[in-house]
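Throughout, protein chains are lettered first and strands after them, A, B, ... in sequence-line order, and every chain is numbered starting at 1.
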Amino acid sequence: RPVVAEPVTVFAAASLKTALDDVAAGYDGEVTLSYAGSSMLARQVQQGAPADVVFLANTDWMDVLEADGLIASGTRVDLLGNRLVLAGPAGAAPVEIGPQLDLGAMLGDGRLAMALVQAVPAGIYGKAALESLGLWAAVEHRVAQVDNVRAALALVSLGQVPLGVVYATDALADPHVDALGVFPQSSHPPIRYPVAAVAGREDAGAAFLAFLTGPEARTIFAAHGFAVLGD
Amino acid sequence: MEWLSPAEWEAVRLSLRVSFWATLVALPFGLFVAYALARWRFPGKQVVNGLVHLPLILPPVVTGYLLLLVFSPRAPVGGFLQSLGISFAFHWTGAALAAGIMGFPLMVRAMRLSIEAVDPKLEQAAATLGASRIWVFATVTLPMVLPGVLAGSILAFAKAMGEFGATITFVSNIPGQTQTLPSAIYAFLQVPGGEASALRLVLVAVVVAMLALLLSEWVSRRVAARVGGA
Amino acid sequence: MEWLSPAEWEAVRLSLRVSFWATLVALPFGLFVAYALARWRFPGKQVVNGLVHLPLILPPVVTGYLLLLVFSPRAPVGGFLQSLGISFAFHWTGAALAAGIMGFPLMVRAMRLSIEAVDPKLEQAAATLGASRIWVFATVTLPMVLPGVLAGSILAFAKAMGEFGATITFVSNIPGQTQTLPSAIYAFLQVPGGEASALRLVLVAVVVAMLALLLSEWVSRRVAARVGGA
Amino acid sequence: MLEVAVRHRLGDFTLDAVFDAPQGLTVLFGRSGSGKTSVINAVAGLIRPDAGRVRVGDRVLGDTAQGIWLPPDRRGLGYIFQEGRLFPHLSVRQNLLYGRWFSRSSLPLDPVVEMLGLGGLLTRRPGALSGGEKQRVAIGRALLADPGLILADEPLAALDEARKAEILPYFERLRDEARCPILYVSHSAAEVARLATTVVVLQDGRVIRQGTASEVLSDPAVTPAGIRAVGAVLEARVAAHHEDGLTELDACGLSLFLPRVRQDIGAPLRVRIAAQEVILSRNRPEGLSALNILPGTVDSIREGDGPGAMVSLDTAAGRVLARITRRSAEALGLAPGVSCFAVVKTVAIAREDVGGA
Amino acid sequence: MLEVAVRHRLGDFTLDAVFDAPQGLTVLFGRSGSGKTSVINAVAGLIRPDAGRVRVGDRVLGDTAQGIWLPPDRRGLGYIFQEGRLFPHLSVRQNLLYGRWFSRSSLPLDPVVEMLGLGGLLTRRPGALSGGEKQRVAIGRALLADPGLILADEPLAALDEARKAEILPYFERLRDEARCPILYVSHSAAEVARLATTVVVLQDGRVIRQGTASEVLSDPAVTPAGIRAVGAVLEARVAAHHEDGLTELDACGLSLFLPRVRQDIGAPLRVRIAAQEVILSRNRPEGLSALNILPGTVDSIREGDGPGAMVSLDTAAGRVLARITRRSAEALGLAPGVSCFAVVKTVAIAREDVGGA
Ligand SMILES: Nc1ncnc2c1ncn2[C@@H]1O[C@H](COP(=O)(O)OP(=O)(O)OP(=O)(O)O)[C@@H](O)[C@H]1O
Ligand SMILES: Nc1ncnc2c1ncn2[C@@H]1O[C@H](COP(=O)(O)OP(=O)(O)OP(=O)(O)O)[C@@H](O)[C@H]1O
Ligand SMILES: [Mg+2]
Ligand SMILES: [Mg+2]
């Protein structure tokens, strides 16, 4: 590991903030972390943003960047994974998530909080999962979509809705919320957090990328509830 | 090819409805607060003034979050309203509430400026002719501040048409209920290749808001012509 | 315990700087546009009026995206500016640009209302005494619209303090560079357990904006007292 | 009838005016800046004085000692402001009718519109009126409020003579029909003499003199409106209307001829005779065009700074003042106790100097 | 010197005024709403008439036929508005000095402040002034702009007589020192007679009569200001200043006595003699206090609607008008060609009726 690394600018999905802040704190060099939504970050990279490393919550946008030739070849790694859970108020009874689940009954006259099902990854995955389990039709008109998964969690946390579909990492951190059940991994496309160096800036990003995939970082990510891929 | 999908039409209609009601309902409150800030002295005036500006200062998401906190069924206010059968959650009225609150500072400022510009000598003249305070307001102050009321309303309306962060946080995005144009636009912008669809909706929003603007300018000119005379 | 981390202090400072410059630079343009809209007749006036209101109508993300498309180093305009050594994208000046544009409609409306309230008879009187148009503006119109200029500026400043969507879309959220208070708040709200930190920053934002508001009210009262007299 | 006592500070200026006027029209007289408008504003309730009391008949409109200070809208006023203050957003008709919305009665619009010559203007807005037209609308607006107290601050200043001559009788009628007390500011001696029941003279915020029009205007020591305002006011009755257009008055046995007045025979009348229009003669003059010749005795001669002298003459009709040159006074050998004749032209007593008493 | 031709429509009102006035002070005279302010606004460039031409001396301020219409700030004006229009955000001093910022010269402030009695008010704002004080500041502001053309729209209307008497000589001096032409609106016959070089009478937007003050005011057919405005204006020279405070004038061989005037011996003077103040006598009257007795011949007798008759008398000093009753005219046997005497009191010729010619 180099003694003093070059300063590095990382554009990272906002949902990674807590974990990535911790990871960067252990990095022996200057790291600037810019957190925003994946789509914003990708567009900014498309427009020539001064990012050395991009770390997204969404493989689609990374695919776009890759297709545009904006990421350094061979640097892309799907570093983290996550799970979808059905979140409910703390203390509620756990359920088995499968085709037999009577989600409609569980909701009563309440709604199911999700991120935007057409636009935001957590929502897209959630809808896919519910569809593959045959549950979507029952709740399609009962979904309250919000612009990000944290807002969905907030709805559950505040009791505004009885249930929400969120990431495991989110449910873990909120004391008012429990994960009532985990969606089977097979029910939706794998949830990946790809990271890559930006084309033309791989020198600045290489060291940090290496650090991200190193053991120290892995431990921290795991502690925040992420599945660290590529083990 | 349909230019807008039925769901999108629904979003247009809903945006209009939300903006209209947000503006209309905010109007009397805005006028009252503007009048109080312009003309009265009372303890805590600066606090009221600050509160009115708050939605402008806070990131919209925070405003939406605070609204959630206040109006959620677990909160006292929300619980009380629910016991009365009033619920904003996931309902277009909640979207209107959020839009109204976000536009409130703009509305109040415009009205307040106009009220401050009214010559108190004219109000005095009305009083000497027997008009009580409320009549003075209705027959002299109000007609003279109409341009400001209009300007404030159009600002609030435009703001309501564009409001997104607070609305989606507070009432989420339920097609036909709370999916306004900006939510729909936002959704398109999140996915690769959604720009074209977003652009279509942006154009619709712009056209609608411009029509409202032109209408307000026209009304405003008529009002001004009436007052100006020479 | 430190109440704010150095990075957060940095965000506070940056927000202030961005809002200050956004307001200051927008001021002359706002005044000019407001005057033109209030007093001149020219073809395309309604188009200008519409353009001014656009940032209010569009979801902020759209405005930010449009700014990004225009001013990014890869776009013609942005490239040209960069060749002149002027850079907006991913720079604090870009945050100021975004904030200024978002506050522009509020500023212009307030100023325009004030200008429309100035009695042209006083301007005529100044002209008969030999003051050319520009002098009439500087010695009569401007002093009389100061309350409106101030109101418009404070609205724009408050808006700049709270602006988020357009800013983060245009210049991203780079600490020390483009991370304003609202962006920092946003980042905290995106992760579990960030609410407490977000709340702290919200309080800071509110306090700063309230101080600015109080200052403006105080200045405004002094100006009004000067003009009022009796 | 009208009791006013106001103490109030405005910057360096201190208003400290106390007066008590009988039923009728009270003129506030005084130089620019002497506090006339301030007094009226206090009576109207537009300023709340540091200390003060305002009473109209039995109605106490304000008494700071008792903590009473009625708001303007509960005082039943018709205030004609010095500067118009028309409502710019209302038409002339709406301006005129504004006060009627709030008063129980409803005076007819037409006579007032006609008197003020506003017929063609009813649909205009004030912005499209001339200065004098605005002033007339302001007068109409106050009168049509059917007030219990009229406050008129130089209501006729912007008007031409012909228009004044049309409006003055209206104020006279208001005064005479005892419809309501009137507080009236004017700089015109002719207006004062013709209208005033009582004159209150203000100077630097204080009342320096108060009395009937005849007392105040015939006091050569108090000539706030300049020397031309000095004159005597005689009380007379209409004796006959002659065919040649003259009216003969009986002023305590003396005949006075005037251009025809509208009052009926027997009606009391007040006639102001300006001091400068009186010619004196030791012998009864013959063959002059002047028809009014009043025998009398010189009471006093007061010499001024200039070439003039003010001669007070006691006649059967009352005190008459004559301002003549000192040279003439000497040439005629005038001195107290000397008898002589006052000659006054019929037409010199202009219409605005004649009013019902 | 001053050429004005304006055609302009304002709603129903059509202004169509054409006149051409020599150097000096031109009074616009006419009833309320006759178009006086509109004419002045056109001359000031505040309205751009449908068609018009305005010239002052050699300077063409506007000529719509040539497409010229100078903006107000390039016309070198001092406009005293009918309604004040002070700048509310500036102090009285700043208001007064406003025009000086833009004119090359800098008239001293103090004399104007003193004449207008504004000494104690310089630091105030207009909101804290009385009506008359505002008007005086407006006068001062216009005068201090050192204008090439003064436009004064009823500048003295809100002022008391004493203050008027202080300001009138200033306008006279401006007129006489040929400093700049003055266009002046007034409803007061005394002001007109004293100040006017030329009088332009407006009615319904048209010029119905134009001439010197003596011509217009002595024409009994044109009495726009009411019958009292009728009078003759005599030209005379100062003959002697007597010790008893009288000034003797020589009006073409006839002596006239006036209260002392400030003009030097030999200076030309204009004296207005109001028709109603003239007494006629067939015989030279003796023993009267009136000092001025002018022999003459009756030129015409014009009977009015009322009891009066207007007698024109040709005297050596010029035409004198006397308004007497028909009864007196008959009693004295007056008819054209009859010789008689006009009697005028010395003090009846008040100071505001006397001005340098
Ligand atoms: N904007 C307008 N629209 C219609 N008529 C108007 C307008 N402005 C003025 N007038 C009319 O034009 C006429 C002339 O107005 P102007 O102000 O010149 O009168 P004036 O002679 O100055 O009268 P005053 O002595 O009352 O001030 C008036 O009858 C007035 O009603
Ligand atoms: N707000 C104020 N502050 C200080 N002085 C004031 C204020 N308002 C009025 N004054 C002064 O009070 C005095 C009386 O004013 P007021 O308006 O009563 O005079 P007025 O008799 O009506 O005079 P005018 O005939 O000129 O209208 C004036 O000297 C004026 O300068
Ligand atoms: Mg006054
Ligand atoms: Mg006028």
Side-chain angles (χ1 to χ4, degrees), chain B residues 27 31 34-36 38-42 110-154 216-230, chain D residues 37 40-41 43-47 70-92 94-105 121 123-130 133-134 137-138 140-153:
Chain B
L27 208 101
L31 200 54
Y35 192 85
R39 287 288 166 84
W40 295 345
R41 277 181 199 191
F42 52 93
M111 292 178 182
R112 180 176 162 189
L113 263 182
S114 284
I115 292 171
E116 281 169 348
V118 171
D119 188 351
K121 293 192 167 180
L122 289 178
E123 298 174 321
Q124 289 181 350
T128 66
L129 289 163
S132 61
R133 278 213 192 182
I134 187 90
W135 275 109
V136 170
F137 180 79
T139 60
V140 177
T141 320
L142 187 59
M144 302 201 62
V145 300
L146 267 193
V149 170
L150 219 71
S153 303
I154 198 69
S216 84
E217 291 287 331
W218 181 79
V219 173
S220 184
R221 257 205 309 277
R222 293 211 32 162
V223 170
R226 282 189 38 179
V227 175
Chain D
T37 302
I40 293 208
N41 280 342
V43 172
L46 293 181
I47 51 179
L70 287 190
D73 54 299
R74 295 192 30 222
R75 292 182 176 217
L77 304 173
Y79 188 166
I80 303 160
F81 292 90
Q82 199 171 3
E83 358 76 69
R85 301 204 193 179
L86 299 184
F87 302 122
H89 59 295
L90 300 181
S91 69
V92 167
Q94 289 167 323
N95 265 284
L96 288 172
L97 294 180
Y98 189 87
R100 273 220 314 216
W101 296 356
F102 308 106
S103 66
R104 294 117 285 127
S105 75
L121 311 176
T123 57
R124 293 240 197 106
R125 286 185 196 273
L129 296 182
S130 81
E133 286 162 354
K134 279 186 195 136
V137 176
R141 185 178 67 172
L143 297 181
L144 286 166
D146 195 19
L149 170 64
I150 290 180
L151 306 171
D153 199 346

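- Two residues are said to be in side-chain contact when any heavy atoms from C-beta on lie closer than 4.5 Å; T128(B) and F81(D) meet this criterion.
- Of the atoms belonging to R141(D), heavy atoms from both backbone and side chain fall under 4.5 Å from chain B.
- For residues 116-124 of chain B, the interface with chain D (any heavy-atom pair closer than 4.5 Å) comprises K121(B), L122(B), Q124(B), sorted by residue number.
- Applying the salt bridge (Lys or Arg N to Asp or Glu O under 4.0 Å) test to R85(D) and every residue at least two apart in sequence or in another chain returns E83(D).
- Heavy-atom distances place no part of L144(D) under 4.5 Å from chain B, backbone and side chain included.
- At a threshold of 4.5 Å between non-hydrogen side-chain atoms, the residues D73(D) and W135(B) do not count as touching.
- Here OG1 of T139(B) is found 5.0 Å from CZ of F102(D). Values are rounded to the nearest 0.5 Å.
- Ranked by heavy-atom pairs shorter than 4.5 Å toward chain D, the options S132(B), A127(B), A131(B) are led by A131(B).
- Contact detail for A126(B) and Y98(D): the closest heavy-atom pair is CB-OH, 3.4 Å.
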